[in-house]
There are 2 protein chains.
Amino acid sequence: MNDQLYTLKEAMIFSQRVAQLSKALWKSIEKDWQQWIKPYDLNINEHHILWISFHLKGASISDVAKFGVMHVSTAFNFSKKLEERGLLSFSKRDHDKRNTYIELTEAGRELLIDMMANYHKTPHSIVEGALPLKELYGRFPDFMEVMAVLRNIYGEDFIQIFEKSFHNIETHFDDEGQFTDNRQSP
Amino acid sequence: MNDQLYTLKEAMIFSQRVAQLSKALWKSIEKDWQQWIKPYDLNINEHHILWISFHLKGASISDVAKFGVMHVSTAFNFSKKLEERGLLSFSKRDHDKRNTYIELTEAGRELLIDMMANYHKTPHSIVEGALPLKELYGRFPDFMEVMAVLRNIYGEDFIQIFEKSFHNIETHFDDEGQFTDNRQSP
């Protein structure tokens, strides 16, 4: 069926093209992400778990694995380490005894807010790289095509969690990136 | 100066958004890439080095590192392993004694062509994920915004090597992904 929609050559060129560009994009992001979190003695997976728990106001380990694009065992093991450091707490929920939920402790929440406030103390090449587009179009690019492809690969709930987390930043941080609503969730 | 162009919050939301999406995109690509090359006992860096040498018709180690987005020492060490397996050969060039160049051996070239011919025997989620866009617009998406950002981050020569490698596939493979021009380079 697919043979009628595209030639094998077309598909090969397209997917190898995306492979090259996504590797280059991710390596640049990864480098900046590591520099940002280095002072906090966290690796990317650990920070990603904290970030997801913060924005979802508590999440199941399987949500974390899905949204963080990591194995469930990776999500679980790193969450355990974060619990030992007092940044996360584990719980079961009455309506859902099968899943383990994690929630930020007050210390974890403060750490995250502090990290957000220090976000711009390390370089983020992606921001510099997108500036000409921002000047041209008046806003940063939204990569709608990439989002459409990810929606098909990871499903609608992945995109919803994605949007929810950014809505959260939109609501709870001021223009300087400072957390403004200290007494409400998250 | 940058403060006038964007708020810190805008920049933070944009770059964390790209971080999430590029991680998800890369993890999906990486998984499919690994499945494709698994039967050939290569890791992604090794395959990437062969792929670059193939398309550039020989390349310096620093070209490989730059275009493959890996450390020079990584590029060198994996190239050495590929040389030991008889897939690559090392040389110096008369006009440029300082750099080490690598070139595919006949065995390396045949391996690459064989891998291309078997490309569609493993799944590539990115192709499936992009099909609705292909149906809608009549072609696979070109992610122009991502390319524009990468051009700013990695420079014009990165993009030129990028385009050259795809021009190469365009020219030397038929619609079924078979190599058609066996006696000419590459």
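FYI, side chains are in, hydrogens and waters are out, and symmetry mates aren't considered; it's all heavy atoms of this structure. Protein chains get the first letters and strands the later ones, always in sequence-line order, with residue 1 at the start of each.
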Tell me whether [X] at atom [atom1] has more than 12 heavy atoms from other residues, nucleotides or ligands lying less than 6.0 Å away.
X: Lys31(A); atom1: NZ; answer: no
X: Phe90(A); atom1: CZ; answer: yes
X: Lys9(B); atom1: NZ; answer: yes

Is [X] in contact with chain B via its backbone, its side chain, both, or neither, using a 4.5 Å heavy-atom distance?
X: Phe143(A); value: both
X: Glu30(A); value: neither
X: Ile126(A); value: both

Could you check which of [options] has the highest count of heavy-atom pairs closer than 4.5 Å to chain B?
options: Phe173(A), Phe67(A), Trp51(A); result: Trp51(A)
options: Asp142(A), Asp174(A), Ile153(A); result: Ile153(A)
options: Met147(A), His120(A), Gln178(A), Lys134(A); result: His120(A)
options: Lys23(A), Lys27(A), His124(A); result: Lys23(A)

| field | Lys81(A)/Glu84(A) ion pair, N-O < 4.0 Å | value | no
| Given that the side chain runs from C-beta out, which part of Leu133(B) has a heavy atom under 4.5 Å from chain A: side chain, backbone, both or neither? |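 For Leu133(B), the contact with chain A is made by the side chain alone.
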| note | Cut-off 4.5 Å, heavy atoms of chain A, and the answer for Tyr119(B) is side chain
| said: Taking 4.5 Å as the heavy-atom cut-off, does anything in residues 33-40 of chain B contact chain A, and if so which residues? | reply: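 Near chain A, by residue number: Trp33(B), Trp36(B).
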| request: Could you list which of residues 12-21 of chain B have a heavy atom closer than 4.5 Å to any heavy atom of chain A, in residue-number order? | output: Met12(B), Ile13(B), Phe14(B), Ser15(B), Gln16(B), Arg17(B), Val18(B), Ala19(B), Gln20(B), Leu21(B)
